[in-house]
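The first residue in the sequence is number 1, and the count goes up from there. This structure is a prediction, so every number in the text was calculated from the model and none was measured.
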Amino acid sequence: MRRAYILILLAILFLRVIPASAQISVNPNDDFYEYAQTWEIRGLVKSLPPVRPYSLSSIKNILQQVIKRGNKKDVELAVAYWNEISGKPMRIEFEAYGKGKLGRISKDNGSDVEQDTDKLLWGRFALAGDGYIFPDLLSVGYDLGVLARTKEDERPFLPYYSNSAYNAIQDPATLGPLHGYIDMNAAASLGTSEFFAQLGLNRTGYGPFHKRGLALNETAYHSGNISYNIVKDKFSFVQQYSAIGATRSYDGTGLKPEKFLAFHALEYRFTPKFSASYYESIVYGKRFDLSYFLPVPFMAAQGLGGNADNTQLGLLFKYKPFPNLLWATDLFVDDFDVNALVKGSLDSKNRFALQTGLIYAPENSFCRKVSLVYTAVAPYTYSHWDYDGSKADIIGPDMYNYQNYTNNGIPIGTAYAPNSDSIEFSLDFKPNQNLRIGVGSSLMRHANIAESLDTDEAVEYLASESGTYATDGSLFEHSMFSGGDHVESAWDALNFLNQENKMYVVQAKFDVDWTIARTAFGSFTLNLGNVFQYTHNKGVDSQLYPGTGIKSLRNAPLEVKRKAVEAAQENWKKGFRDELSDYIFIGFTYKF
């Protein structure tokens, strides 16, 4: 509750700032960031800060460049944004939504059909805005909200591999049929558009594929952040340090403090058409480490603590082969086998995620953006445990993981599970300032890496206590046994999507935001959306080898072990289903 009192006091301070708008500088999912990217692709903006959200000074600088270089539509939109930013010192926002899931689950090739239908209602009230305390130097953004919904768990209403738009997970206040949550974000920025520092409680995003980032995904849960940024015409740099939440290693439940994420990225623009970035991230816990505030390589800095922290590195290339077209490729490396790579082989303990795709930003068109993106996530990527041979390697039920790539149990990077890939196509239309239409489709594949375990490895999982190890193929399934022994099959081969049983997910989706009225008394926006989803072999992502606690199984004859493993596999396959689901939402947003 102390955090809520502090944020309320900050809100009182914010009422005194110079004009504000709708929390653009604290919300990386705001529509502004889509426009900023298309303006950069078209060459209207020279450079954007590497991490979203931006400071208010950066937003102002972007709008000024667009007003100077853009066409009539661009100028009208940039002026409208600036008028909104320089409007009221505070906005009152109210949202009300209904969300439904209509589903049919079939077993055994279409027989034994089950219905899976449910609904969720929620409302949210907030005080929000952006503004300067000292013009062009010190700015703030805030979104101080309270949310109530009819169900405590929103996850059944989310399509596969997507995250909630709200930071409403822990510690609800229950009043009758409603569950209430504090859902607040705030950030302050100090500096100019070329050099600024930020601190706050908010979500962050990195990379050209918005809401799909491999290192920082703006749809992930919010965190406490402090960062500093340098943005020049030829290069940019960001250093960010975040306080995140640790959860149980088995399934991402529970919550404990003292888990941290550090991230930095350096981009150099060789030509107006080509740039390259190098970035690093590191996840660790149970101590505070000043070295991760410094602009030095994390791979070197972690040596000060015994090389026990979970370090990742990445390479991002952006190229514009034709006007208004961006081709970007992002490689996120969690771990790699140097010896295998030298021999030209990837078939080893290589944990990585790869994203490559095209983004087209047409000019003078009602179509704002077209994108085609392929994403692949290798087995065990984002999954980690302490590998230093200490007491932290003694894994058991109710153990908390301070090194996997999650915050409050939610992936910090892409929402796709390890051992998955997808191809996504999307169209974003903006016929006028009051209407936005999004259309998209995707095909995703996922296989459970536990299917590649050999008999002895599978028995180790079966003989363990229930709740010790995850074998569902998620990022909670890591490649180490209690005591520090590695899962050999995970270290000897990549095993990327070569399992016999795969889950396929096909999605078709659209969403509409239509501002019906803009008056002196506020704006009223209608929000509609639908995701149609077909899932083949739903259940591949369930526990394959749940712990039984039968320790004697480890010393049983080989034939007994094989039968126990085969029985677990057959029971797992019996749970496979085909499912047709329709996720529908309808609501409205009122801003005054």
Side-chain angles (χ1 to χ4, degrees), residues 22 24 27-45 48 52-54 59 62-63 66 70-78 80-81 84 159 161-163 165 203 205-213 217-219 318 320 322-328 330 355-375 414-415 422-444 507-516 525-533 583-587 589:
I24 296 174
N27 179 17
N29 292 297
D30 191 278
D31 210 35
F32 167 81
Y33 294 95
E34 300 290 345
Y35 282 111
Q37 182 185 47
T38 60
W39 288 330
E40 184 191 36
I41 292 173
R42 290 170 49 204
L44 302 182
V45 178
L48 296 175
R52 300 174 290 275
Y54 308 151
I59 294 169
I62 291 167
L63 295 176
V66 173
N71 60 38
K72 182 180 178 182
K73 287 185 178 180
D74 298 320
V75 172
E76 288 177 352
L77 184 60
Y81 264 114
E84 188 176 1
Y161 305 127
S162 60
N163 296 321
R203 300 181 178 195
Y206 173 78
F209 304 112
H210 293 191
K211 303 179 184 179
R212 302 180 184 93
N217 186 335
E218 47 265 79
T219 70
K318 294 190 289 186
K320 300 176 185 177
F322 303 104
N324 303 344
L325 179 66
L326 173 67
W327 176 25
D330 189 0
Q355 229 169 27
T356 187
L358 301 171
I359 301 174
Y360 177 58
E363 193 167 351
N364 283 322
S365 172
F366 66 92
C367 180
R368 180 175 63 176
K369 187 169 77 168
V370 183
S371 68
L372 179 65
V373 184
Y374 173 76
T375 304
T414 178
S422 78
I423 186 165
E424 300 175 78
F425 176 73
S426 64
L427 291 165
D428 199 357
F429 299 101
K430 187 74 173 178
N432 55 60
Q433 289 189 24
N434 294 325
L435 180 63
R436 189 199 64 81
I437 303 171
V439 180
S441 61
S442 62
L443 170 63
M444 296 171 275
Q507 293 179 346
K509 45 197 169 185
F510 81 90
D511 60 281
V512 177
D513 298 324
W514 180 22
T515 301
I516 299 173
T525 302
L526 180 65
N527 310 107
L528 303 171
N530 184 80
V531 178
F532 176 81
Q533 176 176 283
Y583 298 89
I584 304 167
F585 74 87
I586 181 170
T589 303

Which side-chain N or O atoms in residues 355-362 pair as donor and acceptor under 3.5 Å with protein atoms at least two apart or in another chain?
| from | atom 1 | to | atom 2 | distance (Å) |
| --- | --- | --- | --- | --- |
| Gln355 | NE2 | Arg212 | O | 2.8 |
| Gln355 | NE2 | Thr375 | OG1 | 3.3 |
| Thr356 | OG1 | Trp327 | NE1 | 3.0 |
| Thr356 | OG1 | Ala328 | O | 3.4 |
| Thr356 | OG1 | Thr329 | OG1 | 2.9 |

In chain order, what residues pass the side-chain contact (heavy atoms from CB on, under 4.5 Å) check against [X], with sequence neighbours excluded?
| X | result |
| --- | --- |
| Tyr33 | Ile24, Asp30, Arg52, Pro53, Tyr54, Ile59, His210 |
| Asn163 | Thr219, Ile410, Ala415 |
| Phe425 | Val370, Leu372, Leu427, Ser441 |

Any residue meeting side-chain hydrogen bond (donor to acceptor under 3.5 Å, both in side chains) with [X], in chain and number order, not counting sequence neighbours:
| X | answer |
| --- | --- |
| Ser365 | none |
| Lys369 | Glu34, Gln37 |
| Asn434 | Arg518 |
| Asn432 | none |

Taking only residues two or more places apart in sequence or in another chain, which ones pass ring-ring contact (aromatic ring centres under 6.0 Å, His included) with [X]?
| X | value |
| --- | --- |
| Tyr161 | Tyr416 |
| Phe209 | none |
| Phe366 | Phe429 |

Exercise. Please list, chain by chain and in numerical order, all residues satisfying salt bridge (charged side-chain N to carboxylate O under 4.0 Å, His left out) with Asp74, sequence neighbours excluded.
Key: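 Once residues adjacent in sequence are excluded, the partners of Asp74 under the salt bridge (charged side-chain N to carboxylate O under 4.0 Å, His left out) criterion are Arg42.
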Practice problem: May I ask you to test the Asn324-Phe322 pair for a side-chain heavy-atom distance under 4.5 Å? | Solution: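 When only atoms from C-beta onward are counted, Phe322 and Asn324 do not touch, as no gap falls below 4.5 Å.
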Quiz prompt | Minimal non-hydrogen separation, Lys318 against Pro208, with atom names | solution =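 Taking Lys318 first and Pro208 second, the nearest heavy atoms are CD-CB, 4.4 Å.
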